[in-house]
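Single-structure report; data block below.
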Amino acid sequence: MNVILVGPAGSGKGTQAEYIKEKFNLLHLSTGDMLRAEIASGSELGNEVKSVIDNGLLVSDDLMVSMIEKRIAKDDAQNGVIFDGFPRTLPQAKALDEMLTKNHNSINKVIEIQVPRADLIARITGRYTCVKCGAGYHKLFKQPSKEGVCDKCGSTDFSQRDDDNEESANKRLDAFEKLTAEILPYYKDQSKLYSVDGTKAIPEVTSQVMSAF
């Protein structure tokens, strides 16, 4: 089974992807994680990607398609994939269909998580992580039990992504909305699109997501 999760930064795609992954034993393929790993490598490509992301823009179709095709050819993707953050453009969506068709496969469900922009900005700009263990927190919704101390490892060193600021977030949301205006009708015409209300509590959003299956 292959599933696409569609939603802007801060919509909760990652949380729902983890639940679907455990429920159906699928590979959770987050393009954001793939790109951040490339950035962390310090390669020329990584530096190029960092510049694009820091300016609130999206990585080119050709680069994303190439990275995805290489990744889904690995053994751990054979049971099915949750695509988180891909496709983001109509050419990417069509390229993904072509990739899967070559292997006698297809996309089964496309789940769109809808959240108003004001809520997304609040979610994005409040996010931060523990530098030592990577545990995620939020200034409004999920602070450590003891102020300034990570619940998981006890570290007091935290960081925030460079692009988790209001200006960059608005640019990313503008780009996301412009591109998904093309891909959502594409999947709706295939009767694969299912929309859920991402403003609800996490268990309620999960319930909506699972009803798509």
Side-chain angles (χ1 to χ4, degrees), residues 1-35 56 58 64 68 72 77 79-90 92-97 100 105-127 129 136-142 161 163-164 166 169-213:
M1 178 168 64
N2 296 295
V3 180
I4 295 173
L5 283 178
V6 180
S11 63
K13 291 193 311 299
T15 298
Q16 297 306 319
E18 285 303 307
Y19 186 87
I20 298 170
K21 170 186 173 180
E22 296 300 323
K23 182 73 173 179
F24 299 108
N25 191 30
L26 304 177
L27 169 68
H28 176 201
L29 185 56
S30 168
T31 53
D33 289 345
M34 291 175 64
L35 292 171
L58 297 176
M64 289 307 310
I68 293 293
I72 66 175
N79 194 48
V81 179
I82 303 165
F83 294 96
D84 176 358
F86 180 90
R88 284 186 172 176
T89 69
L90 188 56
Q92 287 179 5
K94 292 180 176 180
L96 179 58
D97 278 348
L100 295 173
N105 217 328
S106 65
I107 292 297
N108 302 98
K109 298 287 181 181
V110 179
I111 300 173
E112 177 200 13
I113 302 178
Q114 300 177 329
V115 180
R117 178 176 286 234
D119 291 352
L120 291 169
I121 294 296
R123 292 182 182 185
I124 293 169
T125 57
R127 300 186 301 195
T129 59
Y137 296 98
H138 195 281
K139 295 175 183 177
L140 298 177
F141 310 123
K142 187 185 177 184
R161 282 172 47 181
D163 58 330
D164 278 353
E166 187 168 350
N170 271 308
K171 288 181 180 180
R172 290 158 67 192
L173 293 173
D174 286 342
F176 175 83
E177 290 169 4
K178 180 179 179 180
L179 296 172
T180 53
E182 296 182 334
I183 69 168
L184 293 179
Y186 176 74
Y187 289 116
K188 185 176 182 180
D189 288 345
Q190 298 179 35
S191 299
K192 294 179 178 179
L193 181 65
Y194 187 86
S195 299
V196 303
D197 182 356
T199 65
K200 303 294 184 182
I202 291 175
E204 294 181 61
V205 177
T206 299
S207 179
Q208 293 179 65
V209 168
M210 294 313 298
S211 68
F213 299 95

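These numbers come from a predicted model, not from an experiment. What you see below is based on every heavy atom in this structure, not just the backbone, and it leaves out hydrogens, waters and symmetry mates.
- Scanning for ring pair (Phe, Tyr, Trp, His ring centres under 6.0 Å) contacts around Tyr186 gives an empty result, with sequence neighbours left out.
- To the nearest 0.5 Å, the span separating CG on Leu184 from CG on Leu179 amounts to 10.5 Å.
- Shown here are the side-chain hydrogen bond (donor to acceptor under 3.5 Å, both in side chains) partners of Arg127, two or more places apart in sequence or in another chain: Asp164.
- For the side-chain contact (heavy atoms from CB on, under 4.5 Å) test, residues two or more places apart in sequence or in another chain that qualify with Ile107 are Asn2, Ile4, Phe83, Leu96, Asp97, Leu100, Val110, Lys192.
- Side-chain contact between Asn79 and Phe24: absent, with no pair of heavy atoms (C-beta onward) separated by less than 4.5 Å.
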Leu26/Val81 under side-chain contact (heavy atoms from CB on, under 4.5 Å): CA gap, chis, key distance, verdict: CA-CA 5 Å; Leu26 304 177; Val81 179; over 6 Å; no

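- In this structure, Ile183 CD1 and Phe86 CZ are separated by 9.5 Å, a value rounded to the nearest 0.5 Å.
- Here the straight-line distance linking atom CG of Asn25 with atom CE of Met1 works out to 10.0 Å at 0.5 Å rounding.
- Of all heavy-atom pairs between Ile121 and Thr125, the closest is O-OG1, 2.8 Å.
- Counting heavy atoms from C-beta on, the side chains of Gln114 and Val196 never come closer than 4.5 Å.
- The backbone N or O of Ile202 lies less than 3.5 Å from a partner atom in the side chain of Thr206, making a donor-acceptor pair.
- The backbone N or O of Glu166 lies less than 3.5 Å from a partner atom in the side chain of Asn170, making a donor-acceptor pair.
- Nearest heavy atoms, Gly85 versus Thr31: O-OG1, 3.2 Å.
- Residue pairs meeting the salt bridge (Lys or Arg N to Asp or Glu O under 4.0 Å) criterion with at least one partner in residues 174-186, sequence neighbours excluded, are Arg117-Asp174, Arg117-Glu177.
- For Lys171, the side-chain contact (heavy atoms from CB on, under 4.5 Å) test picks out Glu167, with sequence neighbours left out.
- When all heavy atoms of Ala9 and Leu173 are compared, the pair lying nearest together is O-CD2, 4.4 Å.
- Distance alone, capped at 3.5 Å, is enough to place a donor-acceptor pair between the His138 side chain and the Arg123 backbone.
- Between Pro87 and Ala93, the shortest heavy-atom distance links the atoms CB-N, 3.4 Å.
- Checked by atom type and distance alone, the side chain of Gln16 never pairs as donor or acceptor with a backbone atom of Val209 at under 3.5 Å.
- Atom OG of Ser30 sits about 10.5 Å away from atom CG of Leu5, to the nearest 0.5 Å.
- Within the structure, every pair that satisfies the salt bridge (Lys or Arg N to Asp or Glu O under 4.0 Å) test and touches residues 16-35, not counting sequence neighbours, is listed here: Asp33-Arg36.
- Separating the CD1 atom in Ile113 from the NZ atom in Lys200 is a distance of 14.5 Å, to the nearest 0.5 Å.
- Applying the salt bridge (charged side-chain N to carboxylate O under 4.0 Å, His left out) test to Asp163 and every residue at least two apart in sequence or in another chain returns Arg161, Arg172.
- For Ser195, the side-chain hydrogen bond (donor to acceptor under 3.5 Å, both in side chains) test picks out Glu112, with sequence neighbours left out.
- Applying the salt bridge (Lys or Arg N to Asp or Glu O under 4.0 Å) definition to pairs two or more places apart or across chains, those involving residues 4-17 are Lys13-Asp84.
- Here the side chains of Val6 and Phe176 are in contact, with some heavy-atom distance below 4.5 Å.
- Take Ala212 and apply the side-chain contact (heavy atoms from CB on, under 4.5 Å) test, not counting sequence neighbours, and it matches Ile111, Tyr194.
- Partners of Glu204 by side-chain hydrogen bond (donor to acceptor under 3.5 Å, both in side chains), not counting sequence neighbours: none found.
- Listed for the Thr89 side chain is a donor-acceptor partner under 3.5 Å among the backbone atoms of Gln92.
- Heavy atoms only, all atoms of each residue included: Ser11 and Leu120 are closest at N-CD2, 3.7 Å.
- Taking Ser191 as the reference, nothing meets the side-chain hydrogen bond (donor to acceptor under 3.5 Å, both in side chains) condition, with sequence neighbours excluded.
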